[in-house]
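Here is the structure we will look at.
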Amino acid sequence: MARFPLPPGSTIGILGGGQLGRMLAEAASRLGFDVVVLERDADSPAGRVAVRTLVGAYDDPAALKALAEAADVVTYEFENVPAASVQALTALGLEVAPGPKALSVAQDRVDEKTFLNAQGVATVAFAEASTPAEAAAAAARIGVPCLMKTRREGYDGKGQRWVEHVAAAETVFEALGGQPVIVEAPADFVRELSVIAARGRDGAIAAYPLAENHHEGGVLRRTLAPARVSVPLADQAERIAAKVLSGLDYVGVIGIELFELSDGRLLVNEIAPRVHNTGHWTQDGCEVDQFEQHIRAVAGWPLARARAVAQVEMLNLLGDEADAWLKFAAEPETRLHLYGKREAKPGRKMGHINRVKPLR
Ligand code: AMP
C-alpha cells in the first residue's frame with residue numbers, strides 16, 4: 001500500500017483516456033507526478049499527455065495487473081468503471097480513489113437517491129420498477145407526467161424518456177430496453193446549478209462557488225460561474241456537499257448537479273464521482289482548478305482553497321465548433337482548451353472556452 005502524501009515522482013494511474021483524464025494528467029504532471037493511463041485506444045487524448053498508456057479494457061485482468069505494478073494510486077475519469085475492476089485493483093494492494101462506495105452509489109440511480117435521502121439530502125420523489133407492470137404502477141404512484149430513466153448507464157440525457165400517461169408507461173419501459181428503471185417526479189426548477197467539491201484524505205472539505213448550467217438536448221452547453229446566488233443558497237449547497245462527501249467517506253473531487261426550486265430549496269439531481277464538465281470554469285476562474293484539486297486529494301496532499309478569482313462563462317465546443325479555434329485564440333478574454341481528439345463527430349465534446357471577466 002502506498003504511503004500518503006505521495007511525493008512528486010510517484011505515479012498516478014487513471015482509468016479512461018478522454019478529456020477529463022487528459023486535464024487530470026496535465027495537472028498531475030504540473031505537480032511532478034507521472035501518469036499512466038489505462039485505455040482501450042492506444043492514441044487517446046489523455047494518453048498523449050501521460051508518460052504511458054496501458055492498452056486494454058477496464059476489466060482486462062492483465063491490464064489491471066500492469067496498472068497495479070505501474071501506479072502508486074489509481075483514479076478514474078468516468079463513473080461506469082466496473083466494480084469488479086476496482087475490487088481487482090484493491091486486491092492487488094492498490095488504493096482506488098474515489099472508493100468503491102462512491103462508484104456503486106453513483107452507478108445506480110435508485111441507490112443514489114436512496115443514499116442521498118438517507119443523508120438528509122432532498123431529491124425528487126421516485127419509485128423503482130423492473131417489469132412493465134411495475135413501471136405502470138410506479139408511474140401511477142408518482143403521477144404523470146414523470147420521467148423514466150434506466151437505473152444504470154445513462155448519461156448526457158440518454159436512457160430517459162417522459163411518460164405523459166400511465167397507459168404509456170409499459171411502452172416507455174420497453175423502449176428503454178426492458179431493464180430496471182427509476183421513475184422520477186418532475187422537478188419544477190427555476191435553474192440548474194452544480195457544486196464541485198473536494199474531500200481530502202484527512203477529511204478536509206473544500207467547495208467551489210456554485211455554477212449555473214444550461215443544457216441543450218441533454219448535453220451541457222454553457223456554465224456561468226460563480227452563479228449569482230444568495231448567501232443562504234450557497235450555504236445550503238455547501239451543507240449538501242459536506243453530507244454527500246462525508247457519507248461516502250470520499251477522497252477526490254465530486255460533481256453534484258442541483259435543481260433550484262422557486263421556493264429556494266435545492267434538490268440533488270445526480271452525483272458524479274469525478275471531475276465534472278460544469279467545473280471546467282475553475283481552470284480560469286479559481287486559484288486552483290478542479291483537476292489539480294482532485295490530484296491533491298488522491299495523492300493525500302492538502303486541499304487548496306476553492307476560491308474564485310474571476311467571473312467565467314464556459315462554453316463547450318461540440319463537433320465542428322472547435323474548427324473556429326483561430327477566432328477564439330484571437331479573443332482577448334477567451335482561454336481555449338482543446339482536447340486533441342482526432343475526429344470531430346457531431347455533438348462530440350472537442351474542447352471548451354472560458355471567457356473571463358473580473359469578479360463582480
Ligand atoms: P440526468 O441524466 O439525470 O442528469 O438528466 C439530464 C437532464 O434532464 C437534467 O439536467 C435536467 O435538465 C433534466 N432532468 C433530469 N431529471 C429531471 C427531473 N426529475 N425533472 C425535471 N427535469 C429533469
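Along the sequence shown, residues carry numbers from 1. Counting starts at 1 for both ligands and their atoms, following the listed order.
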**OP:** Kindly indicate whether the side chain of Asp284, heavy atoms from C-beta on, has any atom under 4.5 Å from the side chain of His337.
**Re:**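 Yes. Closest side-chain heavy atoms under 4.5 Å.
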Subject >> Side-chain touch Pro273/Tyr76, heavy atoms, less than 4.5 angstrom >> reply: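 The answer is yes, as the side chains (C-beta and beyond) meet within the 4.5 Å cut-off.
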Output the list of atoms in ligand 1 that are nearer than 4.0 Å to some heavy atom of [X], sorted by atom number.
X      : value
Ala187 : 18 (C), 19 (N), 20 (N), 21 (C)
Leu147 : 14 (N), 15 (C), 16 (N), 17 (C), 18 (C), 23 (C)
Glu192 : 9 (C), 10 (O), 11 (C), 12 (O)

Original post:
Is Pro186 near ligand 1, meaning one of its heavy atoms is under 4.0 Å from it?
Top reply: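 Judged by the 4.0 Å heavy-atom criterion, Pro186 does count as contacting ligand 1.
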Original post:
Is the closest heavy-atom distance from Ala185 to ligand 1 below 4.0 Å?
Top reply: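 Ala185 counts as a contact of ligand 1 under the 4.0 Å cut-off.
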Original post:
Among His215, Gln160, Glu270, which residue places a heavy atom closest to atom 6 (C) of ligand 1?
Top reply: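 Comparing heavy atoms across His215, Gln160, Glu270, the nearest one to atom 6 (C) of ligand 1 lies in Gln160.
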Subject >> Option of least heavy-atom distance to atom 16 (N) of ligand 1 (set: Glu257, His214, Lys149) >> reply: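 Ranked by closest heavy atom to atom 16 (N) of ligand 1, first place is Lys149.
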**OP:** Using side-chain hydrogen bond (donor to acceptor under 3.5 Å, both in side chains) as the criterion, list what pairs up with Arg152, not counting sequence neighbours.
**Re:**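 Expected list: Gln107.
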Original post:
Quick one: hydrophobic cluster around Leu245, which other residues, with the 4.5 Å side-chain cut-off, linked directly or via members?
Top reply: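 Members alongside Leu245: Val105, Phe115, Leu116, Val121, Leu193, Val195, Ile205, Leu210, Val229, Leu233, Ile240, Val244, Leu248, Tyr250, Ile254, Ile256, Leu258, Leu266, Val268, Ile271.
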**OP:** Check Asn269 against ligand 1 and report side chain, backbone, both or neither, counting heavy atoms closer than 4.0 Å.
**Re:**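 Just the side chain.
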Original post:
With no hydrogens and no angle check, do the side chains of Ser262 and Asp188 hold a donor and an acceptor under 3.5 Å apart?
Top reply: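 Checked: Ser262/Asp188 side chains show no N/O donor-acceptor pair below 3.5 Å.
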Original post:
Will you find, in the side chains of His276 and Ser194, an N or O donor that is under 3.5 Å from an N or O acceptor?
Top reply: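 No pair is found: no donor N or O on one side chain lies under 3.5 Å from an acceptor on the other.
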